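Everything on this sheet refers to the single structure shown next.
Bear in mind that the values here come from a model prediction, so they are computed numbers and not experimental data. Every number for a ligand or one of its atoms is a count from 1 in the order of the listing.
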Amino acid sequence: MRHFLSLRDFSKEEILNLVSDAAKLKKEPKKLLQDKTLAMIFEKNSTRTRMAFELAITELGGKALFLNANDLQLSRGEPVKDTARVIGSMVDFVMMRVNKHETLLEFAKYSKAPVINALSELYHPTQILGDLLTIKEWDKMQKGIAKIAFVGDSNNMCNSWLIAAAILGYELSIAIPKDYKINAEIWEFAMKQALISGAKISLSHDKFEALKGKDVIITDTWVSMGEESEKERKIKDFEGFMIDEKAMSVANEAAILLHCLPAYRAYEVSEETFEKYADVIFEEARNRLYVVKALLCFLDKGRE
Ligand code: CP
Ligand code: NVA
């Protein structure tokens with residue numbers, strides 16, 4: 001049985017197959033998970049991820065149970081491992097959005113059902129699958145290989161893109177503010193993978209350097225969930241990091257902008273630039289539905 005806690009546990013072939021399967025399911029919906037059940041545990045807010053998972057299992061013929069972590073005995077001190085043994089024994093899949101990645105690791109250790117990371121402070125792997133499907137669709141139109149830039153915080157999206165680019169052999173330039181650091185262990189893992197895959201990964205503190213000659217520009221909020229008390233300081237730290245028309249002008253002419261959403265206009269992205277790329281950004285959001293379908297089917301096969 002496989003869990004889906006981070007892309008680092010998956011090979012290039014497996015990731016690309018998941019994205020291809022998602023594209024097929026987008027074209028031709030199938031009821032492949034008749035009567036299967038998915039528990040959805042949320043410690044943090046969500047719009048897209050909740051919708052994508054609930055609709056995915058429903059359209060595949062199964063059923064979702066939405067569990068707000070605050071309503072569970074977990075919030076009154078029941079151990080994660082006991083919660084995992086109960087929930088994991090009653091359903092076919094569990095997805096969790098957690099404050100601490102360790103909660104996922106502990107849950108997965110004791111769960112009889114595959115556990116999916118629906119966002120932790122370290123990674124957001126199902127979002128990367130959605131981004132990859134969006135790039136695949138765009139790439140087909142452009143007939144090229146995407147060169148990628150990530151501009152923003154050294155957060156869960158940055159970490160996840162770093163891992164994905166390193167495994168897939170992509171060119172990725174990251175720009176984060178001075179004094180911000182990428183998790184050392186994740187960086188080391190990515191560098192080792194890049195040697196195998198041929199990925200070209202670079203890190204700077206200059207958005208123009210990162211964006212120059214790129215095809216896919218990615219940004220994300222400067223203030224992730226759980227960091228609300230740091231908002232004022234972070235907004236100062238990120239001065240000059242907004243993606244606007246001037247920044248996009250150094251990217252390739254046909255470049256697209258991706259944003260996992262929710263987007264904060266006039267902070268990480270200007271209103272004008274966001275609206276210019278809104279079609280691709282909202283397709284990226286919709287693509288979560290199809291990649292989640294493909295992922296659930298993949299994990300189900302792993303149990304046979
Ligand atoms: N991108 C994303 O995960 O959105 P939600 O927080 O709305 O689920
Ligand atoms: N980095 C953001 C992603 C939201 C989908 C956060 O963790 O809040």
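- At least one N or O atom of Asp220 sits closer than 3.5 Å to an N or O atom of ligand 2.
- Donor-acceptor pairing under 3.5 Å is recorded for the side chains of Trp161 and Asp131.
- Of the protein's heavy atoms, Met225 N, 2.8 Å lies nearest to atom 8 (O) of ligand 2.
- The residues Asp300 and Arg303 are annotated as not salt-bridged, no charged nitrogen and carboxylate oxygen being separated by less than 4.0 angstrom.
- Using a 3.5 Å distance cut-off with no hydrogens or angles, the side chains of Asn155 and Glu227 do not pair a donor with an acceptor.
- Checked for salt-bridge contact, Glu283 and Arg286 meet the test: a charged N lies under 4.0 Å from a carboxylate O.
- Not close to ligand 1: Met51, with no non-hydrogen atom less than 4.0 angstrom away.
- Given atom 6 (O) of ligand 1, the protein heavy atom at minimum distance is Arg97 NH1, 2.8 Å.
- One side chain, Thr49 or Arg288, offers a donor N or O that lies under 3.5 Å from an acceptor on the other.
- For ligand 2, the atoms sitting less than 4.0 Å from at least one non-hydrogen atom of Leu119 are 3 (C), 4 (C), 5 (C), 7 (O), numbered in the order shown with element in parentheses.
- Counting the atoms of ligand 1 from 1 in the order shown, those under 4.0 Å from a heavy atom of Leu261 are 1 (N), 2 (C), 4 (O).
- In terms of polar-atom proximity, Arg97 is not counted as a contact of ligand 2, lacking any N or O under 3.5 Å from an N or O of the ligand.
- Of the polar atoms of Thr221, none of the N or O atoms is found under 3.5 Å from an N or O of ligand 2, judged by distance alone.
- The distance criterion of under 3.5 Å between nitrogen or oxygen atoms is not met by Cys260 with respect to ligand 2.
- Asn252 and Lys147 share no side-chain donor-acceptor pair at under 3.5 Å.
- Remark: among candidates Glu284, Met157, Arg48, His124, the nearest residue to atom 4 (O) of ligand 1 is Arg48, based on non-hydrogen atoms.
- Not a single heavy atom of Asp153 sits less than 4.0 Å from an atom of ligand 2.
- Between the side chains of Asn183 and Asn159, not a single donor N or O lies within less than 3.5 Å of an accepting N or O.
- A donor-acceptor contact shorter than 3.5 Å is absent between the side chain of Ser111 and the backbone of Phe107.
- Annotation for ligand 2: atoms under 4.0 Å from non-hydrogen atoms of Asn155 are 1 (N).
- A heavy-atom separation below 4.0 Å is not found between Leu119 and ligand 1.
- In terms of protein heavy atoms, atom 7 (O) of ligand 2 is closest to Asn156 ND2, 2.8 Å.
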